[in-house]
Colleague: 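One structure, pasted below without further comment.
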Amino acid sequence: MDSGTLYSIGELARRTGLTVKTIRFYSDRGIVTPADRTPAGYRRYGADAVARLTLVRTLRELGLGLDAIRRVTDRELTLSAVAAEHAAALDVQISILRLRRAVLTAAARRDPTSEEMERMHQLATLSGAERRRLIDDFLDAVFDDRHVANAHAAVRRSMIPELPDGPSEEQVEAWVEPAELSLDPDFRAGVRRLVEDLEADLSDRVAGPPRPDVVAVTRELVGAAVASGISPDAPQAESVVATLTAGCALAVGRPDDAQLHGWLVHRLEAANDPRRDRYFTLLAVINGWPAPEPLAPVIDWSVKALKLRTAR
């Protein structure tokens, strides 16, 4: 391109794809300046104006403001510095959009009331410190000071959702529901009862090394039977039930008798809250853990199998 060539605004518009009005606006703002004027006062631009306006167009399409663009074209700022600053601003915007999308997606599935919608929005937009206080309040209502000093301290830690600094939309959406559950008095009471039952199991045991609670034993010993499709009333279930009751008797230090079997049914039914499964499933999504196997099918199978054999 001949460096001595001058272009009218119309010619510049054809070369850059910008409108005459836009080029005149940029010219008035000092982003691109005319190299000369005709005797009649019409603006004429040099060859460098083409490259300058092409850069301006690119930066505008990337969302940069005119003040930042002018500083770049005037070489007050480097492109890399402006790009880094704008990328950081976009990160904030993306985070906000993810939160909004998560709330709207959850609302679309649940058909909430206006009050529920507002609560979902508030929960999704809590700061990290606010989220932690919310969960701490829930766990404080479930665990007392005794539990902090014993094996339940690890259980408490395992129930804390830790939303990362740059969460995915799935993680943000997953956070809303357990946050709501943590505020539900009935859910709190149910988890509290489960912890108290676990505490009773610990206190009833004879001295010795730590052993898993009966719910964990049931998951371990019955999970394979459920996965294999064995029916609770099938003959093959007899050996599974025998192994289950023996394992639970050992875990709690009690005889494997009819009294234990009845107690075990009560314990498993008390632990069988589908909301608990849901909480831990969402917890895995938030924390980036492998998805846990649902507990409800194992407990349902065990309770039915035990009741069938107790009734005989």
Side-chain angles (χ1 to χ4, degrees), residues 1-108 114 117-118 120-131 162-176 286 288:
M1 186 182 296
D2 184 356
S3 59
T5 303
L6 295 178
Y7 301 98
S8 67
I9 284 185
E11 291 170 328
L12 205 56
R14 286 191 292 274
R15 287 178 175 273
T16 62
L18 297 169
T19 65
V20 169
K21 182 179 179 180
T22 298
I23 295 174
R24 186 175 289 115
F25 174 73
Y26 288 160
S27 185
D28 291 341
R29 293 293 298 269
I31 293 174
V32 61
T33 56
D36 198 4
R37 286 182 180 268
T38 68
Y42 293 107
R43 308 177 208 199
R44 292 291 183 264
Y45 296 88
D48 64 317
V50 176
R52 195 177 180 92
L53 285 171
T54 300
L55 174 61
V56 171
R57 180 177 182 177
T58 298
L59 295 178
R60 285 296 286 163
E61 288 175 351
L62 287 171
L64 269 69
L66 290 178
D67 287 341
I69 291 173
R70 184 192 56 74
R71 295 180 69 188
V72 170
T73 56
D74 289 349
R75 298 185 179 180
E76 294 177 14
L77 288 175
T78 64
L79 273 174
S80 60
V82 171
E85 182 179 331
H86 195 61
L90 285 176
D91 284 340
V92 174
Q93 294 178 36
I94 289 169
S95 177
I96 293 171
L97 289 173
R98 280 177 172 168
L99 290 169
R100 291 175 180 171
R101 187 181 188 281
V103 171
L104 291 171
T105 300
S114 57
M117 185 74 175
E118 175 62 22
M120 289 166 61
H121 174 66
Q122 290 174 350
L123 290 172
T125 54
L126 292 176
S127 68
E130 290 169 333
R131 290 195 299 269
E162 298 280 4
L163 200 63
D165 291 336
S168 66
E169 291 178 10
E170 183 184 24
Q171 286 174 310
V172 173
E173 186 178 342
W175 154 255
V176 175
I286 296 166

Colleague: Under the 3.5 angstrom rule, does the side chain of Arg44 hit a backbone N or O of Asp36 as a donor-acceptor pair?
Modeller: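 No, the answer is negative, given that no donor and acceptor are paired below the 3.5 Å cut-off.
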Colleague: Could you tell me whether Arg70 and Glu76 have a side-chain N and a carboxylate O separated by less than 4.0 Å?
Modeller: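 Yes.
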Colleague: Measure the spacing between CG of Asp74 and CD1 of Ile69 and express it to the nearest 0.5 Å.
Modeller: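 Reported value, rounded in 0.5 Å steps: 11.5 Å.
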Colleague: Hey, are the side chains of Leu59 and Val72 touching, using non-hydrogen atoms and a 4.5 Å cut-off?
Modeller: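 A side-chain contact exists here, since the closest heavy-atom pair is under 4.5 Å.
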Colleague: Counting only heavy atoms not in Glu130 (residues, nucleotides, ligands), do more than 12 fall under 6.0 Å from its CD?
Modeller: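 Result for CD/Glu130: enclosed.
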Colleague: Assess the side chains of Arg57 and Thr16: does a donor N or O sit below 3.5 Å from an acceptor N or O?
Modeller: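 Arg57 vs Thr16: no donor-acceptor pair found between side chains.
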Colleague: Ignoring hydrogens, what is the shortest heavy-atom contact between Trp175 and Leu123? Give both atom names and the distance.
Modeller: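 In this case the closest contact between Trp175 and Leu123 is NE1-O, 2.7 Å.
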Colleague: Between CG of Leu97 and CG of Leu90, what distance do you get to the nearest 0.5 Å?
Modeller: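 Answer rounded to 0.5 Å: 10.0 Å.
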Colleague: Rounded to the nearest 0.5 Å, what separation is found between the CD atom of Glu85 and the CG atom of Leu64?
Modeller: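 That separation rounds to 8.5 Å.
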Colleague: Measure the CD1-CG distance between Ile31 and Leu53 for me, rounded to the nearest 0.5 Å.
Modeller: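 Result: 9.0 Å between the selected atoms.
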Colleague: For Arg37, look at atom CZ and say whether over 12 heavy atoms of other residues, nucleotides or ligands are found less than 6.0 Å away.
Modeller: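 Counting other residues, nucleotides and ligands, CZ of Arg37 exceeds 12 neighbours.
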Colleague: Which atom pair, heavy atoms only, marks the closest approach of Val50 to Thr54?
Modeller: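 Looks like O-OG1, 2.8 Å.
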Colleague: Nearest 0.5 Å please: distance from the CZ atom of Arg29 over to the CG atom of Leu66.
Modeller: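 Result: 5.0 Å between the selected atoms.
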Colleague: Quick check: closest heavy atoms across Gly10 and Val20, and the distance to 0.1 Å?
Modeller: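 Where Gly10 meets Val20 most closely, the heavy atoms are CA-CG2, 4.1 Å.
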Colleague: Can any side-chain N or O of His86 pair as donor or acceptor with the backbone N or O of Ala68 at less than 3.5 Å?
Modeller: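 Judged by distance alone, no pair lies under 3.5 Å.
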Colleague: On a heavy-atom basis, which atom in Leu126 and which in Arg131 lie closest, and how many Å separate them?
Modeller: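 Shortest heavy-atom contact: O-NH1, 2.9 Å.
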Colleague: Looking only at atom types and distance, does a side-chain atom of Ser27 sit under 3.5 Å from a main-chain N or O of Ile23, one as donor and one as acceptor?
Modeller: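 Side chain of Ser27 to backbone of Ile23: no pair is present.
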Colleague: Just by distance, do the side chain of Arg52 and the backbone of Thr73 share a donor-acceptor pair under 3.5 Å?
Modeller: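 Yes, Arg52 side chain to Thr73 backbone: donor-acceptor pair under 3.5 Å.
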Colleague: Give a yes or no on whether the backbone of Arg75 and the side-chain of Arg71 come within a donor-acceptor separation of less than 3.5 Å.
Modeller: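 No: the side chain of Arg71 does not pair with the backbone of Arg75.
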Colleague: Answer yes or no: is there a side-chain heavy-atom contact under 4.5 Å between Tyr26 and Arg60?
Modeller: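 SC-SC contact between Tyr26 and Arg60 confirmed.
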Colleague: Considering all heavy atoms of both residues, which atom of Leu6 and which atom of Glu11 are nearest to each other, and what is their separation?
Modeller: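 Closest approach of Leu6 to Glu11, heavy atoms only: O-OE1, 4.0 Å.
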Colleague: Distance check, rounded to the nearest 0.5 Å: Thr125 atom OG1 versus Met120 atom CE?
Modeller: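 Answer for the OG1-CE pair, Thr125 versus Met120, is 11.5 Å.
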Colleague: Which atoms form the tightest heavy-atom contact between Gln171 and Ile286, and what is the distance?
Modeller: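 For Gln171 versus Ile286, the nearest heavy atoms are NE2-O, 3.0 Å.
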